[in-house]
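Written out below as structure tokens is the structure these notes cover.
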Amino acid sequence: MPEQAPESTYDRIYAVVRKIPRGKVSTYGRVAEIAGLGRAARQVGYAMAALPDHTTVPWHRVVNAQGRISLRRGTGGDLEQHFRLEAEGVVFDVSGRISLERFGWSGPRRKRGTSGGD
DNA sequence: GCAATGACGCTCT
DNA sequence: CAGAGCGCCATTG
């Protein structure tokens with residue numbers, strides 16, 4: 001299944017987010033790095049905010065480097081993300097944080113390959 | 001083309 | 001481990 005060539009930076013970010021395996025989460029900075037943006041972690045979040053409600057992109061698998069949801073309150077999006085992640089098997093800390101050591105996805109790692117990983 | 005904004009990251013305290 | 005400050009880069013007006 002040939003992946004559609006990203007026309008803009010946003011599409012590039014979405015492409016990376018779609019690569020995140022279910023039950024795992026990634027950070028904005030990591031996604032930005034994989035997308036080729038480097039340290040433009042802000043643009044990743046900006047792109048997420050531009051996502052429509054009917055999007056197929058698993059934006060809820062993207063959290064900040066602290067393993068916490070950065071969504072602003074009032075939108076209810078943070079609650080939605082939290083609920084979705086738990087449905088995928090992700091466990092939250094008592095402080096509402098995720099153990100990136102266990103659920104953190106570092107992207108296409110060359111190590112341990114061949115088994116397909118996901 | 002310039003100025004302002006933003007679902008962030010890293011470092012120091 | 002938690003909080004505050006500075007830096008980062010792409011999109012929008």
Side-chain angles (χ1 to χ4, degrees):
Chain A
M1 42 167 328
E3 298 179 14
Q4 301 173 353
E7 298 175 349
S8 58
T9 309
Y10 276 35
D11 293 318
R12 210 136 168 196
I13 296 169
Y14 302 149
V16 176
V17 177
R18 284 186 206 218
K19 287 172 179 139
I20 303 177
R22 179 170 164 287
K24 292 242 177 171
V25 296
S26 188
T27 63
Y28 293 94
R30 206 64 58 117
V31 173
E33 178 100 14
I34 301 168
L37 301 179
R39 301 164 181 108
R42 303 194 82 144
Q43 273 50 261
V44 179
Y46 202 80
M48 296 289 106
L51 278 171
D53 295 347
H54 57 75
T55 184
T56 58
V57 179
W59 54 270
H60 54 265
R61 289 179 196 153
V62 185
V63 296
N64 57 10
Q66 298 178 1
R68 239 190 187 276
I69 300 175
S70 303
L71 282 172
R72 281 199 173 177
R73 310 217 175 185
T75 61
D78 55 323
L79 189 65
E80 181 69 30
Q81 183 171 11
H82 185 123
F83 187 82
R84 279 197 175 215
L85 286 172
E86 283 193 324
E88 302 240 327
V90 178
V91 181
F92 279 77
D93 184 301
V94 289
S95 303
R97 298 195 302 252
I98 306 172
S99 301
L100 297 176
E101 291 291 328
R102 293 182 62 80
F103 301 103
W105 181 68
S106 302
R109 276 200 181 180
R110 306 181 184 178
K111 259 163 79 178
R112 190 244 301 186
T114 80
S115 24
D118 339 1

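In what follows, chains carry the letters A, B, and so on, assigned in the order in which the sequence lines appear, proteins first and then strands, with residues in each chain numbered from 1.
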- request: Among residues two or more places apart or on two chains, list those pairs meeting salt bridge (Lys or Arg N to Asp or Glu O under 4.0 Å) that have a residue in residues 81-102 of chain A.
  value: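 Every pair satisfying salt bridge (Lys or Arg N to Asp or Glu O under 4.0 Å) with a residue in residues 81-102 of chain A: A:Arg61-A:Glu88, A:Glu80-A:Arg84.
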- line: The residue, A:Leu37 or A:Ser95, whose nearest nucleotide of DNA chain C is more 5′ is A:Ser95
Side-chain donor-acceptor distances from residues 44-55 of chain A under 3.5 Å, at least two apart:
residue : atom : partner : partner atom : Å
A:Thr55 : OG1  : A:Val57 : N            : 3.2

Reported [atom1]-to-[atom2] distance for the pair [X] and [Y], which is rounded to 0.5 angstrom:
{"X": "A:Leu85", "Y": "A:Arg22", "atom1": "CG", "atom2": "CZ", "value": "11.0 Å"}
{"X": "A:Ile69", "Y": "A:Ile98", "atom1": "CD1", "atom2": "CD1", "value": "6.5 Å"}
{"X": "A:Thr9", "Y": "A:Tyr14", "atom1": "OG1", "atom2": "OH", "value": "10.5 Å"}

message: For A:Asp78 versus A:Leu71, what's the shortest heavy-atom pair and its separation?
response: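 Smallest interatomic distance, heavy atoms only, reads N-CD1, 3.3 Å.
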message: Could you report the tightest heavy-atom contact between A:Val63 and A:Gln81, atom names first, then the distance?
response: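 The pair with the smallest heavy-atom distance is CG1-NE2, 3.5 Å.
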task: Apply side chain to side chain contact (heavy atoms under 4.5 Å, CB included) to the pair A:Phe83 and A:His60, showing each step before the final yes or no.
output: CA-CA 9 Å; A:Phe83 187 82; A:His60 54 265; over 6 Å; no
message: One character per nucleotide, please: for nucleotides 7-13 of chain B, 5' to 3', B when the base has a protein heavy atom closer than 4.0 Å, S when only the sugar-phosphate does, - otherwise.
response: BBSS---
query: Which ones in residues 83-93 of chain A lie close to DNA chain B, meaning a heavy atom under 4.0 Å from one of its atoms?
result: none
Boundaries of the chain A footprint along DNA chain C (any atom under 4.0 Å from a heavy atom):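 First-to-last contact on DNA chain C, by the 4.0 Å heavy-atom rule, is C:dA2 to C:dT11.
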query: Tell me, do A:Val17 and A:Pro58 make a side-chain contact under 4.5 Å, heavy atoms counted?
result: yes
Side-chain polar contacts of residues 25-39 of chain A - donor-acceptor pairs under 3.5 angstrom, sequence neighbours left out - could you list them?
residue : atom : partner  : partner atom : Å
A:Ser26 : OG   : A:Trp105 : O            : 3.4
A:Thr27 : OG1  : A:Arg30  : N            : 3.2

